[in-house]
Amino acid sequence: FTFLVEVGGLSFPEAVEKLAEEAGIQLQSLSPEEESKFNKSKEIFSVLDLSKSFFSSQLFESGNFFALKYLKERGVNDKIIKDFDIGFSPQGNQLENFLLSKGFSHEIMILSGMVIQNEKNTNNYYDRFRNRIIFPIRDTRARVVGFGGRVIKKEDQPKYLNSPETSVFHKGNILYNFSKIRADIKERDNLIVVEGYMDVVSLASKGFNEAVAPLGTAITESQLNILWKESNTPIICFDGDRAGRAASLRVSELALKLIKPNKSLKFINLPNNLDPDDY
């Protein structure tokens with residue numbers, strides 16, 4: 001248990017659940033409330049995994065060719081699309097209808113963050129992500145816990161949209177792409193931290209495979225400790241504009257409060273307002 005908590009980065013309940021699964025032991029002594037919560041979590045993970053598959057399939061639908069064209073123009077090839085499970089969320093309520101066809105209730109769809117209930121007409125629901133490139137977000141156990149969506153047209157806003165906080169998704173405790181590269185980080189110690197999903201994907205398409213990103217917010221204490229568990233000197237490479245420099249300064253101030261022996265940060269300062277993807 002201690003090994004999985006301290007080295008694997010799991011919470012104690014997660015460690016218990018993981019080891020019980022591997023040993024084929026059924027966990028007992030759950031109260032009715034705990035059992036209900038556990039079963040809902042399993043359903044939420046199922047909804048999220050099915051949603052990932054739905055978005056992936058939509059990217060290659062003929063009617064959504066413009067989304068695939070956009071990615072190709074950004075230098076993202078088929079291998080990178082597959083490696084990152086990049087997808088597309090179409091207009092309308094297609095995901096809601098798909099999940100209904102699989103037997104899931106609106107309650108679970110809402111709890112997973114995939115569907116929103118209309119405040120004025122509670123009988124109406126709509127997909128949270130519409131007409132966006134979709135990036136699945138995974139936890140330390142590589143389970144899909146949420147999504148990030150990027151617009152294709154500049155006039156659409158907001159530019160990035162994340163899943164809301166849910167019982168399985170806490171964005172301050174997760175780094176995009178971390179679970180995918182975790183096994184290789186300690187050997188190379190060249191972990192790069194960028195600002196956004198497209199920066200991570202773009203770097204991977206150019207051969208820089210050890211990049212992660214926070215989820216649209218400033219790096220948190222929890223995220224910095226995750227980085228330091230795997231790398232002595234993570235490399236911060238934020239955008240080269242004023243906001244990016246300010247974000248780098250905030251990370252350094254946070255690091256100074258938490259700094260430990262043999263743990264530090266490096267910084268790459270990009271010129272001329274370029275972000276890593278542009279550069």
Side-chain angles (χ1 to χ4, degrees), residues 47-102 104 109 112-116 118 124-138 144-164 169 171 176-177 180 194-209 211-216 239-241 243-244 270 273-279:
V47 162
L48 293 167
D49 198 56
L50 273 172
S51 297
K52 177 204 65 132
S53 299
F54 173 80
F55 292 141
S56 292
S57 68
Q58 288 298 307
L59 186 61
F60 295 95
E61 288 288 324
S62 58
N64 302 326
F65 72 95
F66 60 94
L68 190 59
K69 181 173 179 281
Y70 168 82
L71 288 170
K72 295 296 177 67
E73 288 174 349
R74 296 289 298 266
V76 181
N77 60 33
D78 288 344
K79 182 181 184 304
I80 295 295
I81 289 170
K82 184 178 179 182
D83 286 349
F84 285 86
D85 289 318
I86 299 172
F88 177 71
S89 57
Q91 289 281 27
N93 288 1
Q94 294 189 44
L95 177 63
E96 178 207 359
N97 293 330
F98 172 76
L99 293 173
L100 284 172
S101 74
K102 298 295 181 182
F104 289 101
M109 293 183 211
S112 69
M114 301 313 299
V115 166
I116 299 172
N118 190 314
N124 279 355
Y125 304 86
Y126 57 93
D127 292 357
R128 179 177 298 275
F129 297 100
R130 288 166 291 167
N131 206 30
R132 289 175 180 267
I133 300 292
I134 296 293
F135 303 88
I137 301 166
R138 299 177 183 271
V144 176
V145 292
F147 298 90
R150 190 197 192 285
V151 297
I152 296 174
K153 298 177 182 177
K154 289 183 179 179
E155 59 267 25
D156 292 341
Q157 293 295 325
K159 182 178 178 181
Y160 283 100
L161 179 68
N162 283 333
S163 288
F169 180 62
K171 61 185 178 182
Y176 177 66
N177 199 42
K180 187 171 183 290
V194 293
E195 288 191 50
Y197 311 111
M198 273 306 301
D199 292 320
V200 171
V201 171
S202 181
L203 285 175
S205 70
K206 299 295 187 292
F208 294 92
N209 296 308
V212 299
L215 307 180
D239 297 356
D241 57 11
L270 296 177
N273 292 328
L274 297 177
D275 63 26
D277 181 32
D278 297 326
Y279 189 80

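All values below were derived from every heavy atom in this structure, side-chain atoms included, with hydrogens, water molecules and symmetry-related copies excluded. Note that the structure is a prediction, hence the values are computed from the model and not measured.
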_Closest contact, heavy atoms only, Val212 versus Asn177_ = CG1-C, 4.1 Å
_Can you give me the closest heavy-atom contact between Val76 and Lys72, atom names plus distance?_
O-CD, 3.4 Å
*Please step through side chain to side chain contact (heavy atoms under 4.5 Å, CB included) for the pair Tyr125 and Asn118, ending with a clear verdict.*
CA-CA 6 Å; Tyr125 304 86; Asn118 190 314; over 6 Å; no
*May I ask you to decide whether Arg74 forms a salt bridge with Asp277, counting only side-chain N to carboxylate O separations under 4.0 Å?*
yes
*asked:* Are there over 12 heavy-atom neighbours, none belonging to Tyr279, within less than 6.0 Å of that residue's OH?
replied: no
*What are the two closest heavy atoms between Ser163 and Gly146, and how far apart are they?*
OG-CA, 3.5 Å
_Partners passing side-chain contact (heavy atoms from CB on, under 4.5 Å) against Leu100 (at least two apart in sequence or in another chain)_ = Glu96, Asn97, His106, Met109
*Are Tyr197 and Phe84 close enough that their ring centres sit under 6.0 Å apart?*
no
*Give a yes or no on this: more than 12 heavy atoms of other residues, nucleotides or ligands lie within 6.0 Å of atom CZ of Phe65.*
no
*CG on Leu59 to NZ on Lys82, rounded to 0.5 Å*: 14.0 Å
*Indicate yes or no: at least one non-hydrogen side-chain atom of Phe208 is less than 4.5 angstrom from one of Val194.*
no
_Testing the basics here: between Ile134 and Gly149, what is the closest heavy-atom pair and its distance to 0.1 Å?_
CD1-CA, 4.0 Å
*So how far is it from Leu215 CG to Ile137 CD1, rounded to the nearest 0.5 Å?*
4.5 Å
*asked:* Are Asn162 and Phe147 packed together at the side-chain level, in the sense that at least one heavy-atom pair is separated by less than 4.5 angstrom?
replied: no
*When rounded to the nearest 0.5 angstrom, what is the spacing between OH in Tyr160 and CD in Glu195?*
10.0 Å
*asked:* On a heavy-atom basis, which atom in Gln94 and which in Asp127 lie closest, and how many Å separate them?
replied: N-OD2, 3.2 Å
_Consider side-chain contact (heavy atoms from CB on, under 4.5 Å). Of Val145, Asp49, Asp85, Leu48, which one does Pro136 pass it with?_
Asp85
*Give a yes or no on whether the ring-centroid distance for Phe88 and Phe66 is below 6.0 angstrom.*
yes
*Just by distance, do the side chain of Asp239 and the backbone of Asp241 share a donor-acceptor pair under 3.5 Å?*
no
*asked:* Do Ser89 and Ile133 have side chains that approach each other closer than 4.5 Å (heavy atoms only, starting at C-beta)?
replied: no
*Taking side chain as C-beta onward, heavy atoms only, is Ser112 less than 4.5 Å from Phe169?*
no
*asked:* For Ser51 and Leu99: C-alpha separation, side-chain torsions, deciding distance, then whether side chain to side chain contact (heavy atoms under 4.5 Å, CB included) applies.
replied: CA-CA 8 Å; Ser51 297; Leu99 293 173; 4.0 Å; yes
*For Lys206, look at atom NZ and say whether over 12 heavy atoms of other residues, nucleotides or ligands are found less than 6.0 Å away.*
yes
*asked:* Using 0.5 Å steps for rounding, measure from the NZ atom of Lys180 to the CG atom of Asp83.
replied: 4.5 Å
_Can you confirm whether more than 12 heavy atoms, excluding those of Phe98, are under 6.0 Å from its CZ atom?_
yes
*What closest approach, in Å, do Val151 and Pro158 show between heavy atoms, and which atom pair accounts for it?*
CG1-O, 3.3 Å
*asked:* If you define the side chain from C-beta out and look only at heavy atoms, does anything of Arg128 sit under 4.5 Å from Met114?
replied: no
*With the side chain counted from C-beta on, respond yes when Tyr176 and Val201 share a heavy-atom pair under 4.5 Å apart, and no when they do not.*
yes
